[in-house]
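Atoms within a ligand are numbered from 1 in the order they appear, just like the ligands themselves. In what follows, residues are counted from 1 in the order of the sequence shown.
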Amino acid sequence: MGSKTKFIPQNELDHQLDLCNHIHAFWHEQNITPLAYVETYGCQQNEADSERIRGLLSQCGYAMTDCAEGADVVVMNTCAIREHAEQRVFGNLGALTHTKRRHPRQKIFLCGCMAGQTHVVERIKKSFPHVDGVFSTHHLWRFPEILKRVLFVGKRIYFTEDETGSIAEGLPQLRDNGLKAWVSIMYGCNNFCTYCIVPYVRGRERSRKSEDILRECRELIASGVREITLLGQNVNSYGKDLDEGLDFSDLLSKIAAIEGDFWIRFMTSHPRDAGKKLFDTMAAHPKIAKQLHLPFQSGSSRVLKAMNRHYDRPHYLSLIDYAKEVMPSLVLTSDVIVGFPGETEEEFEETLSLIETVRYDALFTFIFSPRQGTPAASMDDPTPKEEKNRRFDRLCALQNSISEQIHEAYVGKTVRCLVDGTDKDLLTARTEGGRLVRFPGDPAWIGQFMDIKITGSNTWSLTGNIE
Ligand code: SF4
């Protein structure tokens, strides 16, 4: 079948895996097990990319460690979505001068979304001479080549050229968790929301072939994974570049048909592309968790237009109405930006009223952060910072009271949960909607689905008991 998406040829991927073997042999000959530390910032897509970086490092003979001190390789997988996150990375990168002084064979790499921005790369070149290599998300699959050149040639390396993007299948992955897995189904974004840097640093939308995704899901479920989260910047446009005649809803149905007891989640959805077919598919399959993260960003149609979101307030609310109609137990979460350039008090009130209408279980709330190179960064922004902070506090207070009320309504109910870990002397579990539950029990239960009676709640989580 045809495809507009570029797939990295197998021989080029095999070459990278050969380089892993060379590096492995280099350390083995010296009787050294080198250590690697990968620090991840930002979203789940970055978490999934870090699992690939760890997979490649593991093939190169590295054992993972949980701090930079004494590590032979440090990789900082960065996020560019907000100014604050970038400043944190620069601060932590600066601190690595000390770890490298104490351990001179340490090699330091910066990758992820920050590595796709020219001004960041220039700053690293000039002000961070202890950084050995920089590579953007497009070049992740070439990490063995980058590492080998840094190790054996000893020169600083920059693999940051702009690309529209490609797909590299079959890279090794070292997953953090045997119970829950991220599965990237597509990369990049075509939407160009005016505040967002992602399309510039992660390239255009490109989908993995469904057979590759299904094979990975089957393997994960056979290995004991109980929760799969499908990842993409805009999962609802999955498949448009592939000519497979399969959209995201069709893909969900195929994954839900795999035998086994598991939940499927996905993120992120875009209100422009999400619709009735998706919600009907979710409603029809018990294995698809009744949880929807549908960012609305603003309750004002004027602001949504300025954000280039391609939907308005009435359309967003009509989607929510339909989703709730076909899935009465649906847990809803969303992203919202406060203080977008030019947002008036009335427009902010529209955001509050949308939150009151929808009644989200939880919100991810952000104050607008201008990103160099995006249209919104040069928009007129007369609202003072203090005013934006005041709006932000009002919005958080409203959402917290809604979350608290929604959580209170769980008390007395028995809900099916996946037991996923411990927190001090309690077990932790997640409801189908992704709500956190703490309860007393036996750590041997981790990995099981269990019915938990909810006995208490607060804004953020629930408590319960096994009856
Ligand atoms: S949909 Fe908009 S906000 Fe989301 S990644 Fe794409 S450009 Fe950024």
At a cut-off of 2.8 Å, protein N/O/S around atom 6 (Fe) of ligand 1 gives Cys189 SG

Going by the angle between their ring planes, with limits at 30° and 60°, are Phe340 and Tyr195 parallel, tilted or perpendicular? perpendicular

Give me the ring orientation class for Tyr316 and Tyr360: parallel if the planes are under 30° apart, tilted from 30 to 60°, perpendicular past 60°. tilted

Do the rings of Phe364 and His293 sit parallel, tilted or perpendicular, given the 30° and 60° boundaries? perpendicular

Under the rule for side-chain contact (heavy atoms from CB on, under 4.5 Å), what residues qualify as partners of Glu211, not counting sequence neighbours? Lys209

Just say parallel, tilted or perpendicular for the rings of Phe279 and Tyr322, cut-offs at 30° and 60°. tilted

Closest protein heavy atom to atom 3 (S) of ligand 1, given as residue, atom name and distance to 0.1 Å: Tyr195 OH, 3.5 Å

Can you tell me how the ring of Tyr410 sits relative to the ring of His407, calling it parallel under 30°, perpendicular over 60° and tilted otherwise? perpendicular

Can Phe90 and Phe128 be said to form a ring pair (Phe, Tyr, Trp, His ring centres under 6.0 Å), step by step? CA-CA 9 Å; Phe90 282 125; Phe128 295 84; 5.6 Å; yes

Which atoms of ligand 1 are found less than 4.0 Å from any heavy atom of Arg309? 2 (Fe), 3 (S)

